[in-house]
**Student:** 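Mind looking over this structure? Questions follow.
Everything numeric in this text was worked out from a predicted model, so none of it was measured. For the numbers below, each heavy atom of this structure counts, side chains included, while hydrogens, waters and symmetry mates do not.
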Amino acid sequence: QVQLVESGGGLVQAGGSLRLSCAASGRIPSSTTISWYRQAPGKEREFVAGIRWMLGSTYYADSVKGRFTISRDNAQNTNYLQMNSLRPEDTAVYYCAARPRVGIPTTPSDYDYWGRGTQVTVSS
């Protein structure tokens with residue numbers, strides 16, 4: 001069982017930056033993948049970025065590539081999403097998700113554990 005708690009959301013102007021954190025607790029197998037998703041009102045949950053917990057390999061959605069960076073601190077069991085050059089369309093609730101298996105899938109149903117989310121609002 002893995003528990004995930006997100007933090008770091010808030011209100012920022014377009015062009016600004018935020019760093020989200022996802023603290024993981026419980027048993028975290030070396031094969032674990034942790035990803036970030038977001039969901040705007042009236043829209044489906046959307047994959048943002050993912051990282052392999054031990055290898056550190058990453059994968060990004062095209063919409064955030066070059067602006068967002070995912071990283072992890074294995075010693076702290078914490079995963080980060082650095083978001084730069086934010087746009088109003090990045091406004092959403094951001095969720096951290098984990099799966100104790102290899103690969104970085106983009107389908108939400110491929111993840112077993114979810115945090116409660118943190119709100120990110122980008123004003124124009």
**Student:** Tell me whether W53 shares a hydrophobic cluster with Y37, the cluster being built from Ile, Leu, Val, Met, Phe, Trp, Tyr side chains joined at under 4.5 Å.
**Tutor:** no
**Student:** Work out which heavy atom in A23 is nearest to a heavy atom in T78; give both atom names and the distance.
**Tutor:** CA-OG1, 4.2 Å
**Student:** Search all heavy atoms of C96 against all heavy atoms of L4 and return the closest pair with its distance.
**Tutor:** O-CD1, 3.5 Å
**Student:** What side chain to side chain donor-acceptor pair (under 3.5 Å) pairs are there with at least one residue in residues 90-99, not counting sequence neighbours?
**Tutor:** R38-D90, R38-Y94, R67-D90
**Student:** Would you say N79's side chain and S71's backbone share a donor-acceptor pair under 3.5 angstrom?
**Tutor:** yes
**Student:** With rounding to the nearest 0.5 Å, note down the distance linking CZ in R72 to OG in S21.
**Tutor:** 15.0 Å
**Student:** I need the minimum non-hydrogen distance between A40 and A92, along with the two atoms involved.
**Tutor:** N-CB, 3.8 Å
**Student:** Can you confirm whether more than 12 heavy atoms, excluding those of Y59, are under 6.0 Å from its OH atom?
**Tutor:** no
**Student:** Side chains of Q3 and S25: donor-acceptor distance under 3.5 Å anywhere?
**Tutor:** yes
**Student:** With heavy-atom distances below 4.5 Å as the criterion, would you say the side chains of W36 and I70 are in contact?
**Tutor:** yes
**Student:** Walk me through whether F47 and T107 qualify under side chain to side chain contact (heavy atoms under 4.5 Å, CB included).
**Tutor:** CA-CA 7 Å; F47 175 84; T107 305; over 6 Å; no
**Student:** Looking at CD of Q39 and CD of E44, how far apart are the two atoms once the value is rounded to the nearest 0.5 Å?
**Tutor:** 8.5 Å
**Student:** Taking all heavy atoms of R87 and all of V122, pick out the closest pair and write down the distance.
**Tutor:** O-CB, 3.2 Å
**Student:** Return yes if some donor-acceptor pair links the side-chain N/O of S57 with the main-chain N/O of L55 below 3.5 Å, else return no.
**Tutor:** no
**Student:** Between the main-chain N or O of G117 and the side-chain N or O of E6, is there a donor-acceptor pair closer than 3.5 Å?
**Tutor:** yes
**Student:** Has S31 got a side-chain atom pairing as donor or acceptor with V102's backbone, closer than 3.5 angstrom?
**Tutor:** no
**Student:** With the side chain counted from C-beta on, respond yes when L86 and L18 share a heavy-atom pair under 4.5 Å apart, and no when they do not.
**Tutor:** yes
**Student:** Compare all side-chain heavy atoms of W114 with those of R45 and state whether any distance is below 4.5 angstrom.
**Tutor:** yes
**Student:** If you compare all heavy atoms of G50 against all heavy atoms of S35, which two are closest, and at what distance to 0.1 Å?
**Tutor:** CA-OG, 3.2 Å
**Student:** Are L81 and V12 grouped together when hydrophobic residues (ILVMFWY) are joined by side-chain heavy atoms under 4.5 angstrom apart?
**Tutor:** yes
**Student:** Taking side chain as C-beta onward, heavy atoms only, is E46 less than 4.5 Å from S63?
**Tutor:** yes
**Student:** Going by distance alone, is a donor N or O of one side chain under 3.5 Å from an acceptor N or O of the other, for N84 and S17?
**Tutor:** yes
**Student:** Are the side chains of M83 and V120 in contact, using a 4.5 Å heavy-atom criterion?
**Tutor:** yes
**Student:** Give a yes or no on whether I104 and V48 share a hydrophobic cluster (residues Ile, Leu, Val, Met, Phe, Trp, Tyr; joining criterion: side-chain heavy atoms under 4.5 Å apart).
**Tutor:** no
**Student:** Give the intermediate values and the outcome of side chain to side chain contact (heavy atoms under 4.5 Å, CB included) for residues Q119 and L11.
**Tutor:** CA-CA 8 Å; Q119 176 70 47; L11 173 64; over 6 Å; no
**Student:** Would a distance-only check, ignoring hydrogens and angles, find a side-chain to backbone donor-acceptor pair under 3.5 Å from R101 to T33?
**Tutor:** no
**Student:** Any link between M54 and I28 through a network of hydrophobic side chains (Ile, Leu, Val, Met, Phe, Trp, Tyr) touching at under 4.5 Å?
**Tutor:** yes
**Student:** Taking all non-hydrogen atoms of both residues into account, name the closest pair between S124 and A14 and its distance.
**Tutor:** CA-CB, 4.4 Å
**Student:** Out of curiosity, does V64 fall in the hydrophobic cluster containing L20 (side-chain heavy atoms, cut-off under 4.5 Å, transitive links)?
**Tutor:** yes
**Student:** Return the OH to OG1 distance between Y113 and T32, rounded to the nearest 0.5 Å.
**Tutor:** 8.5 Å
**Student:** Once salt bridge (charged side-chain N to carboxylate O under 4.0 Å, His left out) is applied, do any residues pair with K65, and if so which ones, sequence neighbours excluded?
**Tutor:** D62
